[in-house]
Amino acid sequence: MMTAGKRIFALALAAVLSLTAGVALHAEPYGPAAAPVTLKPLAAASFDAGQKHVLSYFVGGSGACRLTVIVFDAPSLEAAGSTTATTRFIVPISSGSSANLDTAVAKTLRFSCSDDAGAVTVSTSERVAPRAAY
């Protein structure tokens with residue numbers, strides 16, 4: 001019997017493999033923000049965040065983008081067959097607004113809902129610690 005975590009992981013993996021509109025986002029190390037990617041409803045975007053992987057898609061309507069984000073352990077040959085921790089959360093973003101997701105590897109994912117809630121633009125940027133005062 002599959003646990004809920006395994007089912008969510010399988011669903012996320014199936015979504016990645018089946019959605020031809022999926023786009024991998026990769027921020028350049030210590031560089032400027034990566035080029036933004038615009039998603040249509042139910043198109044997926046994926047992002048590697050160190051030992052985690054982020055999969056996101058949205059559904060628009062009623063003046064908001066209903067963003068679904070799934071975070072799971074990045075696959076590796078060493079961990080093949082072991083259990084994978086998976087977290088899914090849904091974030092409503094009002095049209096014309098945005099939401100940020102900070103990762104543990106000093107990157108920020110910014111999800112911006114269009115004015116008509118018909119598209120979400122995803123951009124990545126590096127988080128830089130403020131300079132210390134000398």
Side-chain angles (χ1 to χ4, degrees):
M1 182 171 175
M2 291 180 69
T3 64
K6 286 183 181 179
R7 277 185 264 172
I8 292 172
F9 177 73
L11 175 65
L13 186 58
V16 169
L17 296 175
S18 67
L19 292 175
T20 58
V23 179
L25 297 175
H26 297 283
E28 295 183 18
Y30 310 108
V37 174
T38 301
L39 300 176
K40 299 293 182 191
L42 297 178
S46 62
F47 179 77
D48 291 320
Q51 295 180 358
K52 298 290 182 183
H53 194 77
V54 177
L55 174 70
S56 61
Y57 63 91
F58 85 101
V59 176
S62 301
C65 296
R66 186 173 182 239
L67 178 71
T68 299
V69 178
I70 302 169
V71 181
F72 54 94
D73 295 333
S76 69
L77 295 176
E78 296 82 27
S82 65
T83 60
T84 301
T86 304
T87 303
R88 178 178 66 114
F89 52 97
I90 298 171
V91 180
I93 305 171
S94 299
S95 58
S97 298
S98 62
N100 292 337
L101 173 66
D102 293 335
T103 69
V105 291
K107 289 180 174 50
T108 297
L109 290 171
R110 181 179 192 88
F111 299 91
S112 301
C113 182
S114 65
D115 291 334
D116 65 353
V120 167
T121 302
V122 186
S123 58
T124 61
S125 62
E126 297 283 335
R127 285 193 322 273
V128 180
R131 290 185 170 176
Y134 291 102

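Owing to the predicted nature of the structure, the values given are computational and were not obtained by experimental measurement. Throughout, residue positions are numbered sequentially from 1 according to the sequence presented.
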How long is the span from the [atom1] atom in [X] to the [atom2] atom in [Y], to the nearest 0.5 Å?
{"X": "L67", "Y": "F58", "atom1": "CG", "atom2": "CZ", "value": "9.0 Å"}
{"X": "L101", "Y": "S56", "atom1": "CG", "atom2": "OG", "value": "9.0 Å"}
{"X": "C113", "Y": "L39", "atom1": "SG", "atom2": "CG", "value": "11.5 Å"}
{"X": "D48", "Y": "T124", "atom1": "CG", "atom2": "OG1", "value": "11.5 Å"}

Check your understanding: Who passes side-chain contact (heavy atoms from CB on, under 4.5 Å) against A99, sequence neighbours left out?
Key -> V91, I93
Exercise for review: Determine the minimum heavy-atom distance between A117 and C65, stating which atoms define it.
Suggested key: CA-SG, 3.8 Å
Review point. For the residue pair D115 and G96, what are the closest heavy atoms and their distance?
Key: OD1-CA, 3.4 Å
With a 4.5 Å heavy-atom cut-off, do [X] and [Y] have their side chains touching?
{"X": "L55", "Y": "F72", "answer": "yes"}
{"X": "F89", "Y": "V71", "answer": "yes"}
{"X": "V59", "Y": "P41", "answer": "no"}

**Study point:** Sequence neighbours excluded - side chain to side chain donor-acceptor pair (under 3.5 Å) pairs with any residue from residues 97-106
**Key:** S98-R110, N100-R110, D102-T108
**Study point:** Residue list, side-chain hydrogen bond (donor to acceptor under 3.5 Å, both in side chains) with S94, at least two apart or on another chain
**Key:** none
Exercise for review: Sequence neighbours left out, what passes salt bridge (charged side-chain N to carboxylate O under 4.0 Å, His left out) with K52? Give chain and number order.
Suggested key: D73
Check your understanding: For F47 and V37, what are the C-alpha separation, side-chain angles and deciding distance, and is it a side-chain contact (heavy atoms from CB on, under 4.5 Å)?
Key -> CA-CA 12 Å; F47 179 77; V37 174; over 6 Å; no
**Study point:** Pair listing, salt bridge (Lys or Arg N to Asp or Glu O under 4.0 Å) test, anchored in residues 36-47, at least two apart
**Key:** none
